[in-house]
K.L.:
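Input: one structure, supplied below.
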Amino acid sequence: MVPGGRIDVTLPQEQLTTVTPNDLLDWVRTAANSVSTYYGHFPVSHLTLRISADNRSGVHHGVTYPKGGGLIMIAVGRDTSVSDLKDDWTLTHEMIHPAFPNMEDSHHWIEEGIATYVESVARAQVGQLPVATVWKQFIIDMPKGEPGPGDQGLDNTHTWGRTYWGGALFCLVADVRIRERTQNRKGLQDALRGIVNGGGRITEDWEIEKALAMGDKATGTTVLIDLYKEMRDQPAPVDLDSLWKKLGLGIKDGQVAFDDNAPEAAIRKAITTRK
Ligand SMILES: [Zn+2]
């Protein structure tokens, strides 16, 4: 049982080399805890999670389906260690998917973008991931979501980079803009809670506009719809250097350097603070 829901877990049939069934259940609880905290409760009342074992290493091959209120299939290698489970982000990513309505293929980027962005932020909010690690990853990975030559916007450019990191870039820009428009009182988290509380779960097929309008209603802004119009069918690159500067973020000797005197340092802090 997790706050707001129940997860039916099927463990691998065979014994793993070092990891015990309890270690696997701890891993499930940890991922569910970060997701429940981010959304205010576990996003779906019933989730089925099937864990299988194979010869590959670590946690891999997570997939989420709408079936039965939400079904996650994920594999762990037989030699997976407890520290592999501790470092794993994929189960959190998969548990975020049930918290957004099912989209047509052209909008797959928003499903993956939310899972990519929220996974790091949610884990930081509950102390599972250091805040500096979140921003370091974003500084390294967000440029992978920028448009390349010939880009025709997020709805028409289905590359790996645009789908995962282009979608995450949409989320980051939306988060900052919502906070700018609300004196930092609301953020993407409020929009996503509004969508899930309005019934926007993976079992429902929605138009993207319906989900974004519901998210905007929760923050009292039009940020999501406006940003979608900017990014859906044209490249719309993001000036990341200015964004990092405004948030008070830089890299010095391979480490993240925070500048608390930056104009939007408070917004940066609010993003990874538990709500
Ligand atoms: Zn995914």
Side-chain angles (χ1 to χ4, degrees), residues 3-4 34-44 64 70 92-93 95-104 107-126 134 138 142 145 153-155 163-232 236 238 243 246-247 264 266-275:
S34 63
V35 175
S36 302
T37 304
Y38 188 86
Y39 286 95
H41 53 81
F42 198 69
V44 289
T64 305
T92 307
H93 174 110
M95 283 185 183
I96 293 163
H97 280 312
F100 197 77
N102 197 40
M103 297 277 115
E104 277 185 39
H107 315 305
H108 189 48
W109 60 268
I110 195 159
E111 298 170 324
E112 294 306 340
I114 289 170
T116 302
Y117 180 76
V118 172
E119 169 259 303
S120 294
V121 171
R123 292 200 299 138
Q125 285 190 359
V126 291
V134 175
F138 283 174
M142 286 291 175
L154 291 170
D155 277 353
T163 302
Y164 285 80
W165 288 102
L169 199 51
F170 175 90
C171 292
L172 171 67
V173 173
D175 208 349
V176 172
R177 279 195 195 172
I178 293 167
R179 292 176 189 282
E180 286 170 347
R181 310 262 158 97
T182 61
Q183 286 78 48
N184 205 11
R185 278 195 283 267
K186 306 244 183 216
L188 182 69
Q189 184 167 14
D190 299 279
L192 296 178
R193 285 182 177 189
I195 294 165
V196 89
N197 291 337
R201 305 200 177 92
I202 195 169
T203 46
E204 312 299 311
D205 294 324
W206 282 15
E207 299 284 328
I208 189 169
E209 288 87 356
K210 179 178 172 181
L212 299 180
M214 195 173 276
D216 278 340
K217 197 170 161 225
T219 64
T221 71
T222 55
V223 168
L224 294 176
I225 280 287
D226 293 345
L227 188 59
Y228 174 57
K229 285 179 188 158
E230 280 173 43
M231 291 188 163
R232 66 183 170 188
V238 176
L243 180 63
K246 185 163 82 168
L247 294 172
E264 295 190 351
I267 286 182
R268 182 197 78 227
K269 288 180 188 171
I271 289 173
T272 55
T273 300
R274 184 176 184 155
K275 183 150 187 152

K.L.:
How long is the span from the CD atom in Glu112 to the SG atom in Cys171, to the nearest 0.5 Å?
P.N.:
11.0 Å

K.L.:
For residues 196-220, which residue pairs pass the salt bridge (Lys or Arg N to Asp or Glu O under 4.0 Å) check, not counting sequence neighbours?
P.N.:
none

K.L.:
What residues, two or more places apart in sequence or in another chain, satisfy salt bridge (charged side-chain N to carboxylate O under 4.0 Å, His left out) together with Arg268?
P.N.:
Asp260

K.L.:
What residues, two or more places apart in sequence or in another chain, satisfy side chain to side chain contact (heavy atoms under 4.5 Å, CB included) together with Thr64?
P.N.:
Ile72, Glu94, His97, Pro98, Ile202

K.L.:
Among residues two or more places apart or on two chains, list those pairs meeting salt bridge (Lys or Arg N to Asp or Glu O under 4.0 Å) that have a residue in residues 180-192.
P.N.:
Glu180-Lys246, Asp190-Lys275

K.L.:
At what distance, to the nearest 0.5 angstrom, does CZ of Phe138 lie from OG1 of Thr116?
P.N.:
9.0 Å

K.L.:
Taking all atoms of both residues into account, what is the closest heavy-atom pair of Phe100 and Ala211, and its distance?
P.N.:
CZ-CB, 3.8 Å

K.L.:
So do Phe170 and Glu230 actually touch side chain to side chain, heavy atoms under 4.5 Å?
P.N.:
no

K.L.:
Checking Glu111 side chain against Asn102 main chain: does a donor-acceptor pair fall under 3.5 Å?
P.N.:
no

K.L.:
Do you know which two heavy atoms are closest between Ala191 and Ile178, and how far apart they sit?
P.N.:
CB-CD1, 4.5 Å

K.L.:
Write down the atom of Thr92, the atom of Ser34, and the distance for their closest heavy-atom approach.
P.N.:
CG2-OG, 3.5 Å

K.L.:
For the CG atom of Leu212 and the CG atom of Leu227, what is their distance to the nearest 0.5 Å?
P.N.:
9.0 Å

K.L.:
To the nearest 0.5 angstrom, please state how far the OH atom of Tyr39 sits from the CG atom of Leu192.
P.N.:
5.0 Å

K.L.:
Is the shortest side-chain heavy-atom distance between Val35 and Pro43 below 4.5 Å?
P.N.:
yes

K.L.:
Taking atom OG1 of Thr37 and atom CD of Gln125, what is their separation to the nearest 0.5 Å?
P.N.:
8.0 Å

K.L.:
For the pair Val238 and Met231, evaluate side chain to side chain contact (heavy atoms under 4.5 Å, CB included) and give the outcome as yes or no after the intermediate values.
P.N.:
CA-CA 10 Å; Val238 176; Met231 291 188 163; 3.7 Å; yes

K.L.:
Any sub-3.5 Å donor-acceptor pair from Asp175's side-chain atoms to Ile271's backbone N or O?
P.N.:
no

K.L.:
Where do Pro101 and Ile195 come nearest, in terms of heavy atoms and distance?
P.N.:
CD-CG2, 3.8 Å

K.L.:
State, to 0.1 Å, how close Ala174 and Leu224 come at their nearest heavy-atom pair, and which atoms those are.
P.N.:
CB-CD2, 3.7 Å

K.L.:
Taking the side chain as everything from C-beta on, heavy atoms only, tell me whether Ser36 gets closer than 4.5 Å to Phe42.
P.N.:
yes

K.L.:
The criterion is salt bridge (charged side-chain N to carboxylate O under 4.0 Å, His left out); which residues satisfy it with Arg232, sequence neighbours excluded?
P.N.:
none

K.L.:
Would you please name every residue forming a side chain to side chain contact (heavy atoms under 4.5 Å, CB included) with His107, sequence neighbours left out?
P.N.:
Met103, Glu104, Trp109, Ile110, Asp155, Ile208, Tyr228

K.L.:
Could you measure the distance from the OH atom of Tyr38 to the CZ atom of Arg193? Nearest 0.5 Å is fine.
P.N.:
8.5 Å

